[in-house]
> 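My questions all concern the structure below.
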Amino acid sequence: MSGTSEGPTPAADLDRSAVTDSDHTIYRRVFAAAPLAMAVVDRAGLVVRANAAFGELLGTSADTPLTGRVAADLVDLASDARSWHAYREVLRGRQARLRCTRRLKHPAGHSVWVQVTVSPLTDGAVGEPGVLLSVADISARRELQARLRHLQMHDPVTRLPNRTLFFERLSGALEAESYEQSGTGRIGLCYLDLDGFKAVNDTLGHRVGDRLLAAVAERLTRVADEAGYARAATPLVARLGGDEFALLVEDSTGTEQLADLAESALKALEDPFDLAGQRLSLTASIGVVERHAAGTSATGLMQAADTTLYWAKADGKGRWTLFDPERNAHRMTRQALSSTLRPAIERGEFALDYQPLVGMEDGRLSGVEALVRWHHPQFGTLTPNRFIGLAEEDGSIVQLGRWALNTACRQARRWQLDRPGEPPIFVSVNVAVRQVWDSDLVADVAQVLAETGLAPHLLQLELTESAVMGSAGRPIQALQALSDMGVRIAIDDFGTGYSNLAYLSRLPVSTLKLDGSFVRGFQYEGDQKAIAPNQADEVIVEAMIQLAHRLGITVTAECVETSAQATRLRRIGCDTGQGWLYSRPVPPDRISELLGTDVCPRP
């Protein structure tokens, strides 16, 4: 007999049904008792079920139901666009998971840091489709991280922000969104360095030094707090390392605000420090920079501050100095020149101009002074005052001096050969004292004279008064050897240095060149540039000329610009004149034209 019957349910199916019901019960019990705060959220974003831990974390009372509440509102998921978008994608099944950190306000008044995780419930394990929202309290971890960050970002000695935190704040202040939305759009910095702090460490020890740094930090902090009372923000005080501190002013109102802050900092450090029985006084130097934040980098601002601090130190310490763009441009130019000096000598970028030395009695050319010029490819033609000091500092003056000596002697010999019928003129070459110390000047001169064929008496070497009068030993021996060789020795800018006239009798000097500051006093009403004559200058110059002549020394007056000056100098016995009255420094071919002529005829 055939028929239809449902028959008994297979054992496997009965077992699967029993297991599923049991699992649902277990899941719900585990869910309710779990210490981790969890909630099941449906596709619409509403809480379907929340465990006790969830309510406890949020601070809701036991009789306040969470079912039906908007889950995103409970854990602040809509506070930023990225998290809100990701959350909705998880609800729609388009994204696997969301994990983010939130700071929630607890009803008791404190804040709770939580890590929120949203995961899909694809198999309906707890009976409803949707997502599982789990919230973990990470406040303790955040507090530990904050403590570690504080230790990393603060100086252990002064408890001030350290260099890392300072640059973080500075970089943030220079971001466009930081200054474009509000504020003045300007930034200021006081970069402070304690004067002579190393001596404290060396004499009293680092423990006292650390106490001093901490005391300085306290005073600077008070200065910053007082400066912030009437303004929107308090300057940030940081220790950048060693004895260097910084006061950062965001949204500064101008240089006056920074100047007041620097002045207050210096005043705060004036009173002595009492440290464990030690009474210490110190000063500080401060570099002040204030500018628009736009276009400024942290590196550029710090470089400017460091440069300005150096100026404050160089200007005498115990003061503040404001950044000066022109002074900085000069410094940058100086660095550029210094770095290219030696290569420039090798590339032949230097040349000599010559300024006539004219006899006062006959007005004829008796000699020339060689003056070096640097034809710089970037800065144009530079006079010696722009680079000689640099050459002396880095030692390239020796190489440059040899070149100038050789070039000038060859030119003097060429003039002599070109005009054999005319009395030969001598050439005067400036010599830096470092050339005497760092090279064998006597050997160099002897070699050049031998190679060029120039007679020794047609070479004059000029040294400044301070270099000659303040020297002893080797420089004097070298000058004596050169004089014995027949070379003329001249003291340049005489009257501005040591002025030890008695010392002249012991020096192998043949010529004194009077500094132009004396000559400028020789003015008369008939001159176009007339000023009141300085009788004292005239008396002093006349006395120096008479003394020089008694010692067998000739006298050359520098900076002769008018015929009245020349007339007066000639009447009191000056031998030679040099200055714009006769000629400016000119190229060698122009000197050739002046040979044998009256450069400045006697009236």
Side-chain angles (χ1 to χ4, degrees), residues 143-173 187-229 233-250 258 261-289 298-299 301-303 305-310 312-313 317-321:
E143 183 180 354
L144 177 60
Q145 290 174 343
R147 289 179 181 177
L148 292 176
R149 174 176 167 79
H150 187 275
L151 291 175
Q152 292 173 347
M153 296 294 185
H154 287 75
D155 171 50
V157 174
T158 63
R159 302 181 184 274
L160 291 177
N162 61 14
R163 190 179 191 88
T164 302
L165 181 54
F166 170 80
F167 274 98
E168 184 178 287
R169 280 283 298 274
L170 175 59
S171 299
I187 192 164
L189 176 63
C190 291
Y191 189 21
L192 181 148
D193 180 88
L194 302 180
D195 300 324
F197 177 75
K198 184 177 183 298
V200 175
N201 273 341
D202 292 344
T203 58
L204 301 178
H206 287 274
R207 179 172 296 182
V208 175
D210 286 349
R211 290 179 180 176
L212 180 58
L213 291 174
V216 169
E218 290 179 5
R219 295 191 185 184
L220 293 180
T221 300
R222 286 200 299 269
V223 168
D225 290 340
E226 291 171 2
Y229 285 154
T234 299
L236 172 72
V237 184
R239 182 190 177 198
L240 301 187
D243 59 342
E244 297 177 359
F245 296 83
L247 291 89
L248 177 65
V249 181
E250 300 178 48
L258 270 295
L261 183 62
E263 194 67 42
S264 298
L266 291 180
K267 188 174 182 180
L269 300 178
E270 286 180 354
D271 294 334
F273 294 84
D274 293 317
L275 304 171
Q278 298 286 344
R279 189 172 177 83
L280 303 176
S281 297
L282 57 77
T283 60
S285 301
I286 304 177
V288 179
V289 183
T299 301
L301 188 69
M302 289 306 299
Q303 285 178 342
D306 185 64
T307 297
T308 313
L309 174 60
Y310 171 79
K313 292 278 190 184
K317 302 181 179 179
R319 67 191 63 203
W320 63 269
T321 300

> Do T158 and V216 come close enough that some side-chain heavy atom pair is under 4.5 Å?
no
> Show me the pairs that pass salt bridge (charged side-chain N to carboxylate O under 4.0 Å, His left out) and involve residues 276-289, at least two apart or across chains.
D274-R279
> According to side chain to side chain donor-acceptor pair (under 3.5 Å), who are the partners of S285, at least two apart in sequence or on a separate chain?
D195
> Among all residues two or more places apart in sequence or in another chain, which pass the side-chain contact (heavy atoms from CB on, under 4.5 Å) test with Q145?
R141, R142
> Which heavy atom of A284 sits nearest a heavy atom of L266, and at what distance?
O-CD2, 3.3 Å
> If every non-hydrogen atom of L165 is compared with every non-hydrogen atom of P161, which pair is closest and at what distance?
CD2-CB, 3.5 Å
> Are the side chains of L258 and V289 in contact, using a 4.5 Å heavy-atom criterion?
no
> Quick check for you: to the nearest 0.5 Å, what is the distance between T234 atom OG1 and L247 atom CG?
11.0 Å
> Go through it in stages, so that I can follow the logic: the residues are E263 and K267, the test is salt bridge (Lys or Arg N to Asp or Glu O under 4.0 Å), and I'd like the CA-CA distance, side-chain angles, deciding distance and then a yes or no.
CA-CA 6 Å; E263 194 67 42; K267 188 174 182 180; over 6 Å; no
> Less than 4.5 Å apart, side chain to side chain, heavy atoms only: is that true for L261 and W320?
no
> How close do G318 and T283 get, heavy atom to heavy atom, and via which atoms?
CA-CB, 4.0 Å
> How close do L170 and L248 get, heavy atom to heavy atom, and via which atoms?
CD1-CD1, 3.8 Å
> Under 4.5 Å between any side-chain heavy atoms of L204 and L275, yes or no?
no
> Can you list every side-chain hydrogen bond (donor to acceptor under 3.5 Å, both in side chains) pair that touches residues 237-250, not counting sequence neighbours?
D155-R239, R169-E250, Y191-E244
> State, to 0.1 Å, how close P235 and A224 come at their nearest heavy-atom pair, and which atoms those are.
CD-O, 3.4 Å
> First locate atom OG1 of T307, then atom CE of M302, and finally report the distance between them rounded to the nearest 0.5 Å.
10.5 Å
> Could you note down all residue pairs passing salt bridge (charged side-chain N to carboxylate O under 4.0 Å, His left out) where residues 198-224 supplies at least one of them, sequence neighbours left out?
K198-D202
> Let me see the working for Q303 and T299 under side-chain contact (heavy atoms from CB on, under 4.5 Å), right down to the final yes or no.
CA-CA 6 Å; Q303 285 178 342; T299 301; 3.8 Å; yes
> Which atoms form the tightest heavy-atom contact between G209 and V200, and what is the distance?
CA-CG1, 4.3 Å
> Assess whether salt bridge (Lys or Arg N to Asp or Glu O under 4.0 Å) is satisfied between E168 and R149, documenting all intermediate values.
CA-CA 13 Å; E168 184 178 287; R149 174 176 167 79; 2.4 Å; yes
> If the condition is side-chain contact (heavy atoms from CB on, under 4.5 Å), which residues does A265 pass it with, not counting sequence neighbours?
L192, L220, I286
> Please check if the number of heavy atoms outside F197 that lie under 6.0 Å from its CZ is greater than 12.
yes
> Could you go step by step and tell me if L189 and F166 meet the side-chain contact (heavy atoms from CB on, under 4.5 Å) rule?
CA-CA 11 Å; L189 176 63; F166 170 80; 3.8 Å; yes
> Is any side-chain heavy atom of F245 closer than 4.5 Å to a side-chain heavy atom of L213?
yes
